[in-house]
Structure formats: structure tokens, C-alpha cells
Amino acid sequence: MWKRKLTFRCSFLDLFACCLIITAVLFAHRWALTPANIINLNNDFLLNATYAETLRLALLKEHTFPLWSHLLGGGSSMIGHPLGFELSPLAPLVLFLGSITAMKIIPLLYFVIAGVSTYFLARRCLHYHFYGALFSALLVAVNVFMARAVESGNINEIYVCLIPLGLYLLWQGYKSNHYWRYVLFLSFTLYSSGICLLMLFPFLCAVAITEALSPYPLLTKERKERWLPLKMLLTSFALMVIIGAPFFIPYNELLLLKGGVANLQTAGHSNIYIPKITIEAPSLQTLLFIVPFMTENNSLYLGGFPVLFFCLSVALCFKRLFNFIVIFFFTLWAMIAYNAPIDLLQFLWNFPGFNYINRPEKYLGMQFLFLIILISGSYFTMIKQHFPRGIHLFAPLVILVTMSLVYLLVELRQLNTYNYKIPELGPVNQDFFQIKAWNMPRSRTAPLNALAYFNLRKNIGTIDWSTGLFLGGFAKPKFFVTKEGKYLVNQEYKGEIYPDCQHSSGFIGKMTPSFNRIDLSFILTSPCRVVLNQNYNKNWTTAIGKIENAQGVLALKIDHPGEYKFTLKFIPKSFYLGIAISLLFIMFVLAREVFYSRLGKNLRSFTRLDYFF
């Protein structure tokens, strides 16, 4: 079964389609190519840019891999964070282009990946006509839903652009030999994050399960092979977790601090299911130009032709598209069924991790649109069968009209995305200190003066930000920042280092925080506990004294007076354990391949390792 070899043909039409897709993406999102001092002045964009900038500063200026940063959230663990760039293949873009430019280029790359992979998925796997594949690919690559995600600064949500790539790899993994599965799990490993898994992996599992249970399978021809795509996907997922252990083990450690995935509390989310989606009655304009499915943010825009072709394809080609149609209606049900007798999403909330989705139009919207777009493209195949001569006149006209309408909507979004110059906010600073927004909850919607990105370059830390996972911030700010940008002195601020004992006279101390370390120098006249204005974490180590938790911040108990000068080091055991697991597994895979290639294939049937790998 695994003797089949992967073949990939790319004709002139395929190259022409890829060039059209790339051109459409660059033209529709050309504002992203503006100079680096023109930014998206959105708090979410700047929050993500903070992670990128922190990685850049650590690697280029201090020549160290950032596991902990004093500049984020009063001192936070960076490794394992779902939005971090530390273990991402996109990190070189941050280093070579800069954080702001990389944050603008990354969405373009995802849109190109989405369009090209949709084209080959439709053309090679679903055997669509050229125009149908091109129609679907252009709409997936250029649509208002993703333009709005970029405008709102949530570039982490564009991981859904990998859905067509995941489906294409699933098809190719079934058609080719088992080595292609390594490409499949490697692609998941490279883009592994909490958001990616939430949006991508369940969708692919739904496709594989539907393939196994469907009376009209798309992939498999023999019944005994029905569960093979799901087996391959789960195997790839297991391999991904093993290879991605340096990310997943620290991430699991963060989750355990918040009660695990079953009781996950995230930024702006609660553990109570509160559906927020609204549906408006479709007007004539809605029916003509957009999907007759509205939200309060009008995020599910799409041209009228895809909706029409979708309905016709479902009616005329039901069996051929059965699997995608089933998944489409389940997705639709999960989005709006709280008005129905059975709310599917409320049921799914009983499973770990799904309590993150309290806005289904946000987290399921792209899957919803993708299925409409993909199914609508099959209508061009039927046109080819019934009107072989008219297809070359009809299809280009439809594509041109549809993309023109969508482009106008995308253009309106892009005009409000990258049109702000980077402001110079806050005081010129010489020594590190913390700031916080005044009389505002801890979130990423804080005043720009209190956002971490603008303070990284001035060595100012912030304890007013969102980590995605609410870990809490206990460091004390030196200044509060009002909505008007004024700085107010915090009367409770005691410094970045101060004694916590009765006899503290004569104390002289200095703290110099850096990535993964804190340099200390102080003079004690008596045994004392020295408090550092950084959040406590159990992964700190010291050769002098004893590290304690002083109401959420770091404290160092010193038993003998004297003059001290030493360094605290941040050594996360979970990260190094993950590296060891990952390296051992890679060595095992390489050794296995060498073993089989040298001793022959007959050993495969004896060891049965090929059943798992």
C-alpha cells in the first residue's frame, strides 16, 4: 500500500495560476509593503510585534536565546507561549527584516500559501477544471475575512490559511509512500501553536473521520483503507508533539498553572459559554454582493457568485461533494445553533480546549468561508461538461467580476490598516523600570504609552499587557499611564530591588535584568530578604541565598551580611527536557532509515515498526 510514489506535475497553466495568485495577493495587500515606519496602530498588532521585537533584541543584541524576558509582563517566561516567535520558522524574517516589517510580510506569505495550496488541492486532488481551481484559489487568497483579521492586528488568526495546505498534504500522504508523512508532521511542527492546533487540526480530523464513515468517500476506494487518513493524521500529530516537545512541554506547564486545558482562562474569556453571534436579515445588497450570513463585525463578506455556485454545486453534485457538505453544515451548526434545540458548540465546550471558542464567527468563520469557496469551484467542472465552448468566455468574466467586488471590500480594509507612523511615546529612559496603565484592566487594549513594543527600545518594562493566558502580574509599576498619555508616580513603588526586613539601614542595591538572567549587586548590614520587582517563577536558580515567592514577586533570602555580586539564572527544566526528547527522536528516525536502507526491506515485516512510523 505504501509502495506508491509521489508524483507532482506542474504545467504551464499551473505556473500561470500561481503567478496570478501571487499577483492578486500583492496587489490587494500592497499597503503591507510600505516602509517600516508605517504600521498598524492596533494593540493586537503591537502585542504580537512585542514578541517579535523581544526575540530580535535577545538574539542580535545580547546573543542569547530568549527563554525569559524582563521586558514582558513584569518578567515572563517566553518559551511555550502560544504567540511566541522563539521556535517558529518565521523567526529569520524577524531577524533579517525587523519586527514591524516581518509582521507585515508574514500575512502575505500565508495568503500566498493558502491560494497556491487551494489551487493544487482543487486541481490535482479534486480534479476541478482549471477555472474552478483558480476561482477558489483567488477567493481563498484574497477575502475580506482575512483582511479584517490583519486589520485587527490578529495575525495569529491567519493560521487558518494553512487549512488547504493541510488538506493537500493529507491527500498526498495517502497517495504517496510513507516518507511523505514526515513532510506532513514537519509542516505541523513548524507552525505549531495553540491557535494553529485549535483552528487546523480538528478540521482535518473532521475530514478524515467523514472519509471513514461517508458512503461516498473522496480519498479511498477500498473499505479497508477508510481509516487510513485518520490513522496517518493522528500518527503525524503524535510525531509533531514529540518533535515539538521544546514548545509543548513548557506550554503544558503554563496550562497547568491555570488549571489545565479543561479550565482554561484566556484573555477576555471566561469558563461560561456565552454565545455572541448575531444574524441579520439579508437585504438585496447582501444577497447580491456578500454571503447571506452576517455578524456584528461584518466579517464574513464574500461575493454573490460563490454563494450561487455553492448552492448549485450542492444541488447538482451532492454525492461527489458529500464529505465537504457534511462538514460545512456541522460548521454552520456550531456557529448559529444556540438558537436551535441542540447547541453543538455548547456540547463541544465539554471537551478540553474548546472553551476558548466563545466567538464562533471569529474562530470558525474562515472554515465556513473556505468550504463555500471550495465547493463553489466545482461548478466550473459542470459548466465544462455542458458548455465546453462557452467556458472560456463565461469563467474569466465571472472570476473578474467576483474578484473586483471582493477587491473593493479588501481595499477599504487595507486603507485603515497600515497608515500610521511609529510614534515616539514616553520618557527618555536611562535605567530600567516598570509602567502600567492607570485605572484600566490588564489587557492589550491599554494606552499606547503602556504597550510593551514602544518600551522595548527604551529599556522600559510593562506590566500592562495580555499574555493570552492570564498568568497574573505582581510587579509594581514606577509610573501609571493615563489615557491622555500622562505619567503618574506610583506611591507604592519601592524600586526594582529593595530589602524586606526590619533592619535594612545601609542597604545599597542594584538590579540589572536581561534575557534569562538578573545581575545583582547589593550590600547588607544584617541578614535580610531582598525583593526583586519581577514576577516569581520556579525556574530561577542561584548559587547564593534561597529564592522565595514574596506575594508573586521574586525574593532572595540572605543569611549573612556582606557585599554581594552575583547572577540569577533562568533555567526552565521543561524546555531542556523537550530538547532532549526531540533530539533523541530525530536520532532514532535517522538511525531507523539508515538501518532499513542498509539491511534491506525484508526486516520491515519482521519488526512491524512501519505500522506506526
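From a predicted model like this one, the values you see are computed outputs, not experimental measurements.
At least one side-chain heavy atom of Pro513 sits less than 4.5 Å from a side-chain heavy atom of Met511.
Summarising the geometry of His70 relative to Gln434, their closest heavy-atom pair is O-NE2, 4.1 Å, with the distance given to 0.1 Å. The two residues Ala555 and Ala550 come nearest to each other via the heavy atoms CB-CB, 3.6 Å. A pairwise comparison of heavy atoms in Asp519 and Arg517 identifies OD1-NH2, 2.7 Å as the closest pair. Across all non-hydrogen atoms, the minimal contact from Gln367 to Phe203 is CG-CD1, 3.8 Å. Closest heavy-atom contact between Val553 and Phe474: CG1-O, 3.4 Å. Residues Val150 and Pro107 approach most closely at CG2-CB, 4.0 Å, considering heavy atoms.
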**Request:** Please lay out, stage by stage, how Phe480 and Tyr487 fare under the test ring pair (Phe, Tyr, Trp, His ring centres under 6.0 Å).
**Result:** CA-CA 6 Å; Phe480 290 106; Tyr487 282 74; over 10 Å; no
**Message:** For Trp438 and Val481: C-alpha separation, side-chain torsions, deciding distance, then whether side-chain contact (heavy atoms from CB on, under 4.5 Å) applies.
**Reply:** CA-CA 5 Å; Trp438 170 255; Val481 184; 5.9 Å; no
**Item:** Ile243 vs Ser582, side-chain contact (heavy atoms from CB on, under 4.5 Å): CA-CA, chis, key distance, verdict
**Value:** CA-CA 5 Å; Ile243 293 295; Ser582 179; 4.3 Å; yes
**Request:** For the pair Lys104 and Thr34, evaluate side-chain hydrogen bond (donor to acceptor under 3.5 Å, both in side chains) and give the outcome as yes or no after the intermediate values.
**Result:** CA-CA 9 Å; Lys104 295 192 289 185; Thr34 53; 3.1 Å; yes
**Phe522 vs Tyr498, side-chain contact (heavy atoms from CB on, under 4.5 Å): CA-CA, chis, key distance, verdict** = CA-CA 10 Å; Phe522 52 82; Tyr498 57 90; over 6 Å; no
**Request:** Take Trp540 and Ile571, measure what side-chain contact (heavy atoms from CB on, under 4.5 Å) needs, and give me the verdict at the end.
**Result:** CA-CA 6 Å; Trp540 284 102; Ile571 305 178; over 6 Å; no
**Item:** Pair Asn40-Asn42, side-chain hydrogen bond (donor to acceptor under 3.5 Å, both in side chains): steps then yes or no
**Value:** CA-CA 5 Å; Asn40 182 347; Asn42 180 282; 4.9 Å; no
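A donor-acceptor pair under 3.5 Å links the side-chain atoms of Ser152 to the main chain of Ala149, judged by distance alone. Between the Asn416 side chain and the Glu151 main chain, no donor and acceptor come within less than 3.5 Å of each other. Distance alone, capped at 3.5 Å, places no donor-acceptor pair between the Ser88 side chain and the Gly84 backbone. Looking only at distances, a side-chain donor or acceptor of Asn143 sits under 3.5 Å from a matching main-chain atom of Val140. When atom types are taken as modelled, the side chain of Glu53 and the backbone of Tyr453 share no donor-acceptor pair closer than 3.5 angstrom.
Salt bridge status for Lys538 with Glu253: present, with a side-chain N to carboxylate O gap under 4.0 Å. Under a 4.0 Å N-O distance rule, the pair Glu411/Arg30 qualifies as a salt bridge.
Taking the six-membered ring for Trp and thresholds of 30 and 60 degrees, Phe65 and Phe575 have nearly parallel ring planes, at less than 30 degrees apart. Below 30°, between 30° and 60°, or above 60°: for Tyr564 and Phe566 the angle between ring planes is above 60°, a perpendicular geometry.
For the residue pair Thr462 / Asn455, no side-chain donor-acceptor distance below 3.5 Å is found, with atom types taken as modelled.
No cation-pi contact links Lys436 to Phe479, judged by a cut-off of 6.0 Å to the six-membered ring centre and 45° from its axis. Within the cation-pi definition used here (under 6.0 Å to the ring centroid, within 45° of the axis), Lys478 qualifies as a partner of Phe433.
Among the candidates Leu520, Leu532, Ile497, Asp500, the single residue satisfying the side chain to side chain contact (heavy atoms under 4.5 Å, CB included) test with Leu556 is Leu520.
For residues 82-97, no residue pair satisfies the salt bridge (charged side-chain N to carboxylate O under 4.0 Å, His left out) rule, not counting sequence neighbours.
Taking CG of Leu57 as the start and OG1 of Thr50 as the end, the distance is 10.5 Å to the nearest 0.5 Å.
Between Trp31 and Tyr418, the ring centre distance reaches or exceeds 6.0 Å.
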